Asker: 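First, the structure itself, so that you have it in front of you.
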Amino acid sequence: MTMRWCALGRNADGRITAFTLDASGNSGDPISMERSELADFVRGIEEEHAPRWVWSDTTRWVPQLLANGVRITRCHDLRLSHAILLRSELVPNRGELAAAAAWDVGPEEPDPEPKATALFELESTRATAVPGDIEETLAEFARQRAALAASPRQLSLLIAAESAGAVMAAEMRAAGLPWDTVEHDRILREALGPRPPAGARTAIMAGLADEIGMALGQPGVSVDSPPKLLRALRDAGLEVQSTSQWELADIAHPVIAPLLHYKKLARLLTANGWNWIDEWVRDGRYHPVYVPGGVVTGRWASSGGGALQLPRMLRPVLRADPGWTLVSADVAQLEPRVLAAMSGDRAMAAAGAGTDLYAGLVSSGVVATRQEAKIAVLGAMYGSTTGDSGRLVPRLRRSFPAAMRLVDQAAAAGERGGVVSTWLGRSSPAPSDEWLEQQALASQPGATPRDEREARRVARDFGRFTRNFVVQGTAAEWALSWLANLRLRLDELPAAWAGQDPRAAPIAQASGPAFERRPHLAFFLHDEVIVHTPIELADQVAAAVTAAAASAGTLLFGDGPVDFPLDVRISERAEKG
DNA sequence: AAGTGTGGCGCG
DNA sequence: AAAGCGCGCCACACTT
């Protein structure tokens with residue numbers, strides 16, 4: 001039998017059952033095992049058959065496999081797939097999925113760090129976790145296969161990409177991002193001065209706070225409390241509505257400079273200061289918790305440590321192990337390129353034919369400066385109507401009618417309370433009952449002008465959401481495809497080192513047994529990826545990153561005119577160890 | 001004391 | 001410039 005899928009589930013008695021299926025869905029005999037046998041079982045099946053593993057929830061299976069040094073190539077994550085298929089307007093037969101309500105749950109809370117133990121802890125502590133037993137796993141898989149069989153092909157791509165994302169998120173969490181705490185401490189000291197006692201300001205911040213109090217004529221004013229600070233500013237004669245930095249920046253007053261400086265330092269200290277290092281960096285690795293599917297558009301969310309908000313000033317802190325280096329890549333203007341590809345807008349594709357789409361808009365005469373191009377494009381995708389951005393959008397409408405029609409139609413659908421879908425078929429959530437009720441009330445005879453105004457306002461809000469949903473969501477699909485393709489290419493690379501004694505290959509011990517001799521994904525942020533790799537393979541990794549981007553473009557959009565150029569950098573800070 | 005809401009700011 | 005999309009996290013202020 002050709003093994004195409006291998007489903008795993010647990011039994012009531014705590015043992016694990018594996019069910020293998022061929023392409024027709026015929027199953028082999030069930031295989032029952034103790035939890036302690038699972039890692040070896042998966043390793044053996046993976047090497048011989050490389051099936052698509054089918055399981056309830058990747059976060060409950062992969063971390064323990066990785067802790068035992070076992071990686072898998074492909075999976076079908078039933079929880080994430082259920083969420084997509086249940087809501088997708090492209091799935092015609094959603095009734096059975098809707099009836100399986102036990103599968104419609106959000107992501108689990110982050111577990112404590114999985115231990116490298118032979119015993120698997122597959123029980124969830126959460127009451128609302130998805131079912132993990134083998135019968136329910138097989139039943140849900142059958143429902144999803146039926147749904148996919150009745151749906152357009154691209155949904156199968158989306159399910160595969162989402163599932164690959166789940167594996168990659170677990171792998172990146174386990175491997176961690178190589179983090180130089182000495183450099184981090186140096187940056188903190190340079191900006192903030194020596195580490196203060198717990199809960200206290202640094203001396204530099206205290207000095208700035210004194211300056212602020214002096215400048216306002218209110219010694220001891222509370223800088224950390226926006227309401228109090230706002231009152232103090234207004235008492236000092238500054239006509240501000242908030243204490244936001246963008247409102248303060250342009251005011252000429254002695255308090256502004258120390259205040260903005262203080263805000264910068266306070267942010268650094270509380271968000272990414274010494275306490276953050278203590279909490280999140282272990283053994284030279286930052287282990288962020290990625291949450292695939294955590295954003296409605298399909299982007300990943302994160303939980304713990306603010307992985308998606310690492311400030312630029314801390315980028316020098318990312319440092320490869322001795323003998324290793326970091327290959328970083330980001331896509332130039334991913335979202336407008338995705339919009340050009342989705343809409344088939346040939347003029348917009350042509351503007352992006354270089355490496356800089358914004359520069360392309362300038363040279364084709366649509367706008368005068370690169371800055372204007374950026375503002376105009378973002379305004380078009382976000383639904384801006386006022387300011388410079390809103391003023392520039394009509395020019396785009398003339399130059400790129402197909403692209404603008406696509407986002408305008410998505411916005412119109414949202415304003416009507418409708419649902420829109422991404423290129424691969426992820427659908428937006430319907431508006432809330434409250435929203436619908438508000439729209440209904442505003443069209444009743446007794447509605448006040450205020451009712452109508454408010455209803456129109458929230459309608460436009462929802463239209464901006466659906467407008468952006470199709471672009472942001474499709475960009476997330478492109479990025480997932482890119483990453484998944486890259487991962488497969490990276491797994492082919494160690495062969496390139498053949499002829500060398502594998503025992504001589506550099507070891508990244510801190511990344512754990514599954515990653516210590518191979519290039520691996522280390523970080524992902526919407527349109528940006530970082531690979532941690534032995535130096536010898538860095539050029540090949542860079543080539544793989546580029547090739548993967550081309551593959552993603554072809555996978556989603558065929559051989560269309562839109563390309564997705566990358567900025568690829570190999571870290572210079574790594575030293576041969 | 002613990003939970004919820006808000007302002008502010010970091011990222012794409 | 002600070003309006004227009006999506007997030008997470010912190011400190012403070014207010015509620016229970």
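Lettering of chains follows the sequences in order, A, B, ..., and the numbering in each one begins at 1. This one's a predicted model, so the numbers in the text were calculated from it and none came from an experiment.
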Asker: Taking atom types as they are modelled, is there a donor-acceptor pair under 3.5 Å from the base of B:dC9 to the side chain of A:Arg267?
Answerer: yes
Asker: Nearest-nucleotide wise, let me know which of A:Gln472 and A:Trp246 is further upstream toward the 5' end of DNA chain C.
Answerer: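 With A:Trp246 and A:Gln472 compared, the 5'-side residue is A:Trp246.
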Asker: What nucleic acid atoms does A:Glu247 come within less than 4.0 Å of, heavy atoms only: base, sugar-phosphate, or nothing?
Answerer: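 Touches nothing.
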Asker: Quick check: on DNA chain C, is the nucleotide nearest A:Gly306 upstream (toward 5') of the one nearest A:His526, or the reverse? Name the residue that is more 5'.
Answerer: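 Upstream on the strand: A:His526.
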Asker: Please state whether the phosphate of B:dG10, meaning OP1 or OP2, lies under 4.0 angstrom from any side-chain nitrogen or oxygen of A:Lys263.
Answerer: no
Asker: Please classify the nucleic acid contact of A:Asp527 as base, sugar-phosphate, or nothing, using heavy-atom distances under 4.0 Å.
Answerer: sugar-phosphate
Asker: Looking at A:Gly306 and A:Tyr286, what are the two nearest heavy atoms and their distance?
Answerer: C-OH, 3.8 Å
Asker: Nearest to the side chain of A:Pro226, which nucleotide is it out of B:dG8, C:dC5, B:dC11?
Answerer: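 Nearest to the side-chain atoms of A:Pro226, counting from C-beta on, is B:dG8.
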Asker: For A:Ser389, report the nucleic acid contact type (base, sugar-phosphate, nothing); a contact means any heavy atom under 4.0 Å.
Answerer: base
Asker: Check A:Glu415 with A:Arg456, please: is the shortest side-chain N to carboxylate O separation under 4.0 Å?
Answerer: no
Asker: Under 4.0 Å, heavy atoms only, any strand: does A:Arg312 hit a base, just the sugar-phosphate, or nothing?
Answerer: sugar-phosphate
Asker: Starting at the 5' end of DNA chain C, what dot-bracket string do you get if Watson-Crick and G-U pairs under 3.5 Å are bracketed, crossing pairs use [ ], other-strand pairs use | and unpaired bases use dots?
Answerer: ....||||||||||||
Asker: Checking all strands, does A:Ile375 fall into the base, sugar-phosphate, or nothing category for heavy-atom contacts under 4.0 angstrom?
Answerer: base
Asker: If you look at every strand shown and take non-hydrogen atoms under 4.0 Å, does A:Thr243 touch a base, only sugar-phosphate, or nothing?
Answerer: sugar-phosphate
Asker: Closest to the A:Gln309 side chain: C:dG6, C:dC10, B:dC11?
Answerer: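 Of all the options, the side chain of A:Gln309 is nearest to B:dC11.
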Asker: Rounded to whole Å, how long is the line connecting atom CG of A:Leu308 with atom C1' of C:dG6?
Answerer: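 Rounded to the whole Å, the gap is 11 Å.
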Asker: Is the distance from OP1 or OP2 of B:dG10 to the nearest side-chain N or O of A:Gln245 less than 4.0 Å?
Answerer: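 Yes, within the criterion.
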Asker: Taking only the side-chain heavy atoms of A:Arg299 (C-beta and beyond), determine which of C:dG6, B:dG8, C:dC12 contains the nearest atom.
Answerer: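 The answer is C:dG6, which lies nearest to the side chain.
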Asker: With a 3.5 Å distance limit and no angle check, can you tell me whether A:Ser328 reaches the backbone of A:Ile530 through a side-chain donor-acceptor pair?
Answerer: no
Asker: Counting the atoms with a prime plus P, OP1 and OP2 as sugar-phosphate, which does A:Gly390 contact under 4.0 Å by heavy atoms, base, sugar-phosphate, or nothing?
Answerer: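 If one applies the 4.0 Å heavy-atom cut-off, A:Gly390 turns out to touch nothing in the nucleic acid.
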Asker: Under 4.0 Å: is that the gap between some side-chain N or O of A:Thr297 and OP1 or OP2 of C:dC5?
Answerer: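 Looking at the OP1 and OP2 atoms of C:dC5, neither is under 4.0 Å from any side-chain N or O of A:Thr297.
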Asker: Establish, with yes or no, whether the OP1 or OP2 oxygen of B:dC9 is under 4.0 angstrom from a side-chain nitrogen or oxygen of A:Lys264.
Answerer: no
